[in-house]
Amino acid sequence: MRSSIPQRRAAAPLVVAAAVGALLVASPANANDATASGTGDCELVDSTITATAAVDQARTAAFTEYGDSGAGWTGGDSTYSLELEDGRQAWFFSDTFLGPVDDDLGRPLSTPFLNNSIVVDDGAVLSTVTGGTPDAPESIVGPTPEGNWHWVGDPELTKHGDVQIPLLQFEKFGPGMWDWGWKSNRLATLDGSTLALKSITELPSSTGVNWGSWTLAEGNTTYIYGIDDIAGVRSAFLARVAGGDLSKHWMYWNGTDWSPREADAVPVASYVANEFSVAPYRDGYLMVTQDTSEVFSTRIVAQVSCSPMGPFEVAAELYRTPETGLWGSYGNANIFTYNAHEHPEDRDGDSLLVTYNVNSFDSDELYDDVSIYRPRFIDVQLTVTP
């Protein structure tokens, strides 16, 4: 599911069994597939991966205390992160609620709502960065003159220390509640110190791939992952740019080589979410994503490959989100979870930090309870057995 604040609608009960982190065993991926595609060979894809997971209590407490204070950000989704050049950690959110917060931990109906924001952790305190002014906050990347809005992708640092964020531009095409959709991919460049918007440029958008689900900088190359549905299967695609500047010329993985044509891009992974992560791990690559082979799945899984180009294959179940559905921790059929991914800058050996988002089909519930529309922070410990 795309990150969004859904409007009120009648929703069928979502019945999902909830579970906390448990020991979960993987089926190893097929190394021969990676070799056949010309993307190399590695021990990781032949290994058995097991995982234990638990709530990251420190980060959960920090964001809960800050959000409940009503001093700035009180909730949002996407939850990308980036270590800035000065060592601060910036957390990038798409749809965002700001304070105040009521004494009963609800949101006033007049609370500000933005389409994107940043929360900065300087190691001591959290603070919120938005556009506009403190008295009249706005999205960092505001709407177009036509009223189209932007959700963020995974940010990267430029060699000059600025921040580039892939953007998804959305538009309304009718009066109905769900009459909106993706329009184009764009790129925002922010000042690396102030995080103020410097410029917006257009990105490739000819095929319908939503680029920016994840970015991976390796050496002089930055890989850009995107998503599109192929015969009803949410699939990941891959592009790359030399030099680390996402505004430069893109090349696209066609299954065997790099092509200058966006239309040549082919899937490198299947059943991914709109947002996921890819990072080097051991002698291969680890993708963390919500499983979209099931509708409103509670499963967060790891896929592995020997190469950024894939093919990625499911290797382990990492966690089951306990909030989802009538039998979840909220006891509410409207609640669902989505868009899990890792934060590689916080990885410690085989220990991963993973976040996912929580939402409700009934937007009134997001005003009644501030705890719903916030990221969850999970520590995942992997064990790899060759």
Side-chain angles (χ1 to χ4, degrees), residues 26-47 49 153-154 156 166 182 184-185 187 203-289 291-293 301-316 341-342 344:
S27 298
N30 187 343
N32 294 329
D33 290 343
T35 304
S37 69
T39 53
D41 194 8
C42 61
E43 190 174 79
L44 180 65
V45 299
D46 277 333
S47 300
I49 301 176
D154 183 42
E156 278 290 346
W182 172 87
S184 68
N185 303 304
L187 179 69
L203 290 180
S205 303
S206 65
T207 64
V209 174
N210 292 193
W211 294 107
S213 298
W214 190 254
T215 58
L216 170 61
E218 285 199 308
N220 198 42
T221 300
T222 299
Y223 298 97
I224 309 100
Y225 292 85
I227 61 99
D228 198 7
D229 287 352
I230 304 297
V233 175
R234 182 122 320 164
S235 302
F237 295 77
L238 180 61
R240 75 177 186 185
V241 62
D245 184 347
L246 300 184
S247 68
K248 302 303 182 182
H249 180 64
W250 287 25
M251 300 286 284
Y252 306 88
W253 182 247
N254 66 11
T256 56
D257 205 349
W258 295 96
S259 167
R261 299 179 64 250
E262 186 181 6
D264 290 340
V266 299
V268 299
S270 300
Y271 296 112
V272 300
N274 288 54
E275 299 172 4
F276 52 85
S277 60
V278 178
Y281 180 62
R282 304 245 172 166
D283 63 343
Y285 289 82
L286 179 73
M287 172 187 286
V288 175
T289 182
D291 174 22
T292 58
S293 67
V301 300
Q303 297 194 31
V304 295
S305 175
C306 293
S307 162
M309 292 84 79
F312 287 87
E313 300 287 346
V314 174
H341 49 75
E342 186 196 355

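- Residues Gly310 and Ser305 approach most closely at CA-OG, 3.2 Å, considering heavy atoms.
- Between Asp41 atom CG and Asp283 atom CG the span is 8.5 Å, to the nearest 0.5 Å.
- Not counting sequence neighbours, the partners of Asp291 by the side-chain contact (heavy atoms from CB on, under 4.5 Å) test are Tyr271, Ser293, Glu294, Ser297, Arg299, Val301.
- A donor-acceptor contact closer than 3.5 angstrom links the side chains of Glu218 and Tyr285.
- When the options Ile230, Ile227, Ile224 are evaluated for a side-chain contact (heavy atoms from CB on, under 4.5 Å) with Phe237, the one that passes is Ile230.
- Between the side chain of Asp264 and the main chain of Asp257, no donor-acceptor pair closer than 3.5 Å is present.
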Go through it in stages, so that I can follow the logic: the residues are Trp214 and Leu238, the test is side chain to side chain contact (heavy atoms under 4.5 Å, CB included), and I'd like the CA-CA distance, side-chain angles, deciding distance and then a yes or no.
CA-CA 10 Å; Trp214 190 254; Leu238 180 61; over 6 Å; no

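- Pairing each heavy atom of Gly212 with each of Pro166, the nearest pair is CA-CB, 3.7 Å.
- Looking only at distances, a side-chain donor or acceptor of Ser307 sits under 3.5 Å from a matching main-chain atom of Met309.
- For the side chain to side chain donor-acceptor pair (under 3.5 Å) condition, the pairs that include at least one residue of residues 221-232, sequence neighbours left out, are Asp229-Arg234.
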Could you please spell out the steps behind the side chain to side chain contact (heavy atoms under 4.5 Å, CB included) verdict for Glu313 and Val45?
CA-CA 8 Å; Glu313 300 287 346; Val45 299; over 6 Å; no

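- Note that CD of Gln303 and CZ of Phe312 are 8.0 Å apart. Values are rounded to the nearest 0.5 Å.
- To the nearest 0.5 angstrom, Ser277 atom OG is 6.5 Å from Leu286 atom CG.
- Taking all atoms of both residues into account, the shortest heavy-atom contact from Ala279 to Pro344 is CB-CG, 3.7 Å.
- How far CG of Asp154 is from OG of Ser213: 9.0 Å, rounded to the nearest 0.5 Å.
- Between Asn254 and Ser259, the closest heavy-atom pair is ND2-CB, 4.2 Å.
- Minimum heavy-atom separation, Pro260 to Tyr252: O-CE1, 3.7 Å.
- The distance from the CG atom of Asp245 to the CG atom of Leu187 is 7.5 Å, given to the nearest 0.5 Å.
- Although no hydrogens or angles enter the test, the distance criterion places no donor-acceptor pair under 3.5 Å between the side chain of Thr207 and the main chain of Ala263.
- In this structure, CZ on Arg261 lies 12.0 Å from CE on Met251, to the nearest 0.5 angstrom.
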Step-by-step side chain to side chain contact (heavy atoms under 4.5 Å, CB included) determination, Glu262 to Trp211
CA-CA 11 Å; Glu262 186 181 6; Trp211 294 107; 2.8 Å; yes

